[in-house]
2 protein chains.
Amino acid sequence: MAGERRPRGEYTVGRERRSGILQTALREFAEHGYHGTSLNRIADRAGISEAGLRHHFANKDALLVAVLEQRDASSERLPDGQEPLVGVADLEHHIAIVEGNTATIELARLFTVLTAEATTRDHPAASWAVDRYRSIRASIEQGIRGGIASGEFRDDVDAARVARQIIAIMDGLQLQWLLDPEAVDMAADFREYTAELLTRLRGE
Amino acid sequence: MAGERRPRGEYTVGRERRSGILQTALREFAEHGYHGTSLNRIADRAGISEAGLRHHFANKDALLVAVLEQRDASSERLPDGQEPLVGVADLEHHIAIVEGNTATIELARLFTVLTAEATTRDHPAASWAVDRYRSIRASIEQGIRGGIASGEFRDDVDAARVARQIIAIMDGLQLQWLLDPEAVDMAADFREYTAELLTRLRGE
DNA sequence: GTCTATATAGCGATAGAC
DNA sequence: GTCTATCGCTATATAGAC
């Protein structure tokens with residue numbers, strides 16, 4: 001982290017350029033998927049030439065991965081030094097996430113489209129998607145286990161299975177909402193699901 | 001429907017050709033999505049020239065729509081003259097569908113990938129996907145309503161919401177299964193979900 | 001760090017012969 | 001009904017000037 005310094009201005013300009021490209025690329029990948037997006041188009045909309053864009057990202061795969069990893073880093077990190085949420089608090093936290101997603105439709109579409117694309121052969125986001133889902137499953141499973149340990153939930157609850165179910169509901173409702181926003185209120189539906197789940201987790 | 005006849009052989013050859021192309025196209029679209037698939041590739045794998053393929057399907061959009069509509073027609077039709085299933089029987093029917101999907105991973109991927117792609121701008125399958133989901137929602141909602149009418153289910157059940165939830169679980173589990181088949185037993189998870197749902201629908 | 005120019009390949013689509 | 005040939009366009013990617 002130490003070492004020679006460079007004029008601050010250079011860094012700032014470089015980072016802003018890079019970050020602007022990532023922002024534009026996110027929108028394009030979300031609107032057209034990986035194969036449907038061209039570097040030329042991203043470059044145009046970011047106000048740079050295609051060759052200029054390539055100075056920052058060697059190829060299309062690298063740009064996609066950079067977009068996805070940046071979003072993971074910014075959305076899935078807990079505030080510094082905070083204990084992981086467990087039990088009811090974790091479920092309520094997921095309600096807040098779903099409510100937040102209704103306000104960022106572009107980001108929601110990015111994840112929906114690219115995760116589904118990533119189930120196909122040789123997709124550049126394949127390992128990103130698999131790892132991400134394993135990590136999310138483990139995290140929610142821990143939240144459920146924490147609820148069992150604290151006595152909030154029954155001790156015969158299958159935490160791993162409940163975790164898969166929560167994720168499935170979130171993704172499935174989001175898909176229906178993206179297809180037909182007027183017909184599906186995903187936040188309301190998820191809130192209802194959570195209430196039902198809670199009844200079940202707390203026992204008869 | 002009446003009018004001049006042609007030698008039977010010609011029809012048969014034509015239909016088999018067409019059907020072979022559709023089969024190959026289905027596999028390619030499932031493996032690479034719409035934008036990731038090229039007509040040239042489909043033609044090669046179907047053992048025909050690209051121009052030959054174009055004799056049967058005028059353009060790429062038409063071919064995709066033909067693939068999707070053929071699969072809808074073959075998978076979502078009830079046996080002739082059969083009454084629609086309602087209540088518990090309809091839920092059990094959906095368990096059978098999910099179990100069937102585990103044996104046809106290619107078809108499952110086709111629907112997952114193309115439905116997600118269809119949430120993007122100007123996708124050729126957009127209206128297919130929206131219409132399909134409206135139709136499935138309505139069909140399951142009717143099944144739930146039938147269960148209420150017959151007294152199997154409580155009469156304060158929100159049939160439309162339950163329908164959205166069932167579809168969400170099916171799609172969400174399928175996505176996790178496609179990404180990580182060893183980690184997710186979607187049929188078992190769906191069976192468990194259905195059992196829990198049934199308890200709730202039948203009341204305290 | 002950004003540009004113009006260009007290489008190379010693949011795409012969807014059309015025309016016309018057989 | 002199927003083919004070869006080809007058009008016009010766009011894609012990713014590279015080289016080298018400023």
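Side-chain atoms are counted along with the backbone in the values below, which use heavy atoms only and exclude waters and symmetry mates. Note on naming: letters A, B, ... go to the chains in the order of the sequence lines (proteins, then strands), and numbering restarts at 1 for each one.
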Seminar exercise, completed: Minimal heavy-atom distance between B:Met186 and B:Thr102, with the atoms involved, is CE-CG2, 3.7 Å

Problem set entry | Residue pairs involving residues 103-113 of chain A (criterion side chain to side chain donor-acceptor pair (under 3.5 Å); sequence neighbours excluded) | A:Glu31-A:Arg109, A:Thr112-A:Gln174

For this session: Measure from the side-chain heavy atoms of A:His56 and tell me the nearest of D:dA11, C:dT2, D:dT2.
Result: C:dT2

For this session: Considering just the side-chain nitrogens and oxygens of B:Ser49, establish if one lies under 4.0 Å of OP1 or OP2 belonging to D:dT2.
Result: no

For this session: Quickly work out the A:Leu64 CG to D:dT12 C1' distance and round it to whole Å.
Result: 15 Å

Seminar exercise, completed: Rounded to whole Å, CZ of B:Arg18 lies from P of D:dT2 at a distance of 12 Å

For this session: Rounded to the nearest angstrom, tell me the gap between atom CD in A:Glu16 and atom C1' in C:dG1.
Result: 15 Å

Seminar exercise, completed: By ring-ring contact (aromatic ring centres under 6.0 Å, His included), B:His56 pairs with (sequence neighbours left out) none

For this session: Would you indicate whether A:Asp156, at its atom CG, is surrounded by more than 12 heavy atoms from other residues, nucleotides or ligands within a distance under 6.0 Å?
Result: yes

Exercise. Do B:Tyr193 and B:Ile166 have side-chain heavy atoms sitting under 4.5 Å apart?
Worked result: yes

Exercise. Over how many whole Å does the gap from A:Leu53 atom CG to D:dA11 atom C1' extend?
Worked result: 14 Å

Exercise. Is there a side-chain polar atom (N or O) of A:His55 under 4.0 Å from OP1 or OP2 of C:dT2?
Worked result: no

For this session: Classify the nucleic acid contact of B:Ser38 as base, sugar-phosphate or nothing, counting any heavy atom under 4.0 Å across all strands shown.
Result: sugar-phosphate

Exercise. For the pair made of CG in A:Asp44 and P in C:dC3, what is the distance, rounded to whole Å?
Worked result: 11 Å

Exercise. Using 4.0 Å as the upper bound for N to carboxylate O, is an ion pair formed by B:Arg200 and B:Glu196?
Worked result: no

Exercise. CG of B:Asn40 versus C1' of C:dA9: gap in Å, rounded?
Worked result: 12 Å

Problem set entry | A:Asp72 versus A:Trp128, side-chain donor and acceptor atoms under 3.5 Å | yes

Exercise. Could you write nucleotides 13-18 of chain C as a row of B, S and -, 5' to 3', where a protein heavy atom under 4.0 Å of any base atom gives B, of only sugar-phosphate atoms gives S, and otherwise -?
Worked result: BBB---

Problem set entry | A:Arg41 CZ - D:dA11 P separation (whole Å) | 9 Å

Exercise. Which whole-number value in Å describes the distance from B:His35 NE2 to D:dT12 P?
Worked result: 13 Å

